[in-house]
Structures are given as structure tokens and as C-alpha cells.
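Read through the structure below, which is laid out as C-alpha cells, and then see the notes.
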Amino acid sequence: MDAPGLQIDDHMTVDVALSVLIGARAGHLLLQDDDGRCSGLVTRAQLTAHRAASSYSDRARLRDIPLDRGPFTSSVSALGDAETAMRVRTLDVSPVVDEQGYALGVLTVIP
């Protein structure tokens, strides 16, 4: 498990989130709801695809676009179970959350 990395509010616009990703040279961002709980994970590829869509608006907020909203990996999950779930859902990275839903880190599947 790696550190959670960048965490941003899910009310941020797509453009700002994409700028943060590019500036940080990161592949993903964890999203937080108003209470600071993990509410999703978004990748650079998802943001770029959304921005290229004909329905794109510069006012689009992260909470309004399709992205991975869980279920996330529990901190008490067995590693093998977490890896299987990620492979079934075709995820390269999954947030690890505690019992209250706060991000503790991320798991990454290495091909």
C-alpha cells in the first residue's frame, strides 16, 4: 500500500483537477466529500476523455462526472481478496479506506 497521494474536494472543476494532475505528474486523484471521506478516484485518462466529449462544459464538477465511486478496499481486507476485486473491476489502483470511509492509502496492481 502506498500513501493516498493527492486528495481534492469533489466539487472541484474538471479543468482544475486536470491541471493539478498534470502539475503533480500524478496518474490519479482521490476525491473527498464535504466531510473529508473518500468519495471517488479519478484518473488523468478519465478527465481527458470527459473534457473531449461533446457534452463537456468548463463548469463540470468532478462529483457530476462518471468515475470510480467504490466500493473501495477496506483496511481489513485480505490482500488477495483486494487484488482479485481490482482485477475483476479492471482497476489499476484502488483507495484503501478505514471503517469511517477516510482514505488511508492506495493499492496498485502491478501487471
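On a predicted model such as this, the values are computed, not experimentally measured, just so you know. All heavy atoms count here, side chains included; hydrogens, waters and symmetry mates do not. By convention here, the first residue in the shown sequence is residue 1.
Annotation for Gln100 and Arg37: closest pair O-NE, 2.7 Å, computed over non-hydrogen atoms. Scanning both residues, Ser75 and Glu99, for their nearest heavy atoms gives OG-OE2, 3.8 Å. Considering every non-hydrogen atom in both Cys38 and Pro95, the closest pair reads SG-CB, 3.8 Å. Nearest heavy atoms, Pro4 versus Leu104: CD-O, 3.5 Å. What you find for Ile8 and Ala17 is that their closest heavy atoms are CD1-CB, 3.9 Å.
From Arg63, atom CZ reaches atom CG of Asp34 across 5.5 Å, with rounding to the nearest 0.5 Å. To the nearest 0.5 Å, atom CE of residue Met86 and atom CG of residue Asp92 are 7.0 Å apart. The CG atom of Leu91 sits 8.0 Å away from the CG atom of Leu41 when rounded to the nearest 0.5 Å. Interatomic distance, CG of Leu62 versus OG1 of Thr13, reported as 7.0 Å (0.5 Å rounding). Separating the CG atom in Leu47 from the OG atom in Ser19 is a distance of 10.0 Å, to the nearest 0.5 Å. Residue Arg59 holds its CZ atom at 13.0 Å from CG of Asp64, rounded to the nearest 0.5 Å.
No single ILVMFWY cluster, assembled from side-chain heavy atoms under 4.5 Å apart, contains both Met12 and Leu30. When the side chains of ILVMFWY residues are joined at heavy-atom separations under 4.5 Å, either directly or via intervening members, Phe72 and Leu6 end up in two distinct hydrophobic clusters. Val106 and Val97 are not part of a single hydrophobic cluster, where members link through side-chain heavy atoms under 4.5 Å apart. Hydrophobic clustering keeps Val93 apart from Leu107 (ILVMFWY residues linked when any side-chain heavy atoms are closer than 4.5 Å, directly or through intermediates). Under a hydrophobic clustering in which Ile, Leu, Val, Met, Phe, Trp and Tyr are joined whenever their side-chain heavy atoms come within less than 4.5 Å, directly or via other members, Tyr102 and Met1 fall into different clusters.
Although no hydrogens or angles enter the test, the distance criterion places no donor-acceptor pair under 3.5 Å between the side chain of Asp9 and the main chain of His11.
Between Pro71 and Arg89 the shortest side-chain heavy-atom distance falls below 4.5 Å. Between Ile22 and Arg44, the closest side-chain pair of non-hydrogen atoms falls below 4.5 Å. A 4.5 Å side-chain heavy-atom check between Thr43 and Gln46 finds at least one atom pair inside the cut-off. Counting heavy atoms from C-beta on, the side chains of Thr48 and Arg51 never come closer than 4.5 Å.
Defined by atom type and a distance below 3.5 Å, a donor-acceptor pair is present between the side-chain atoms of Asp10 and Ser39.
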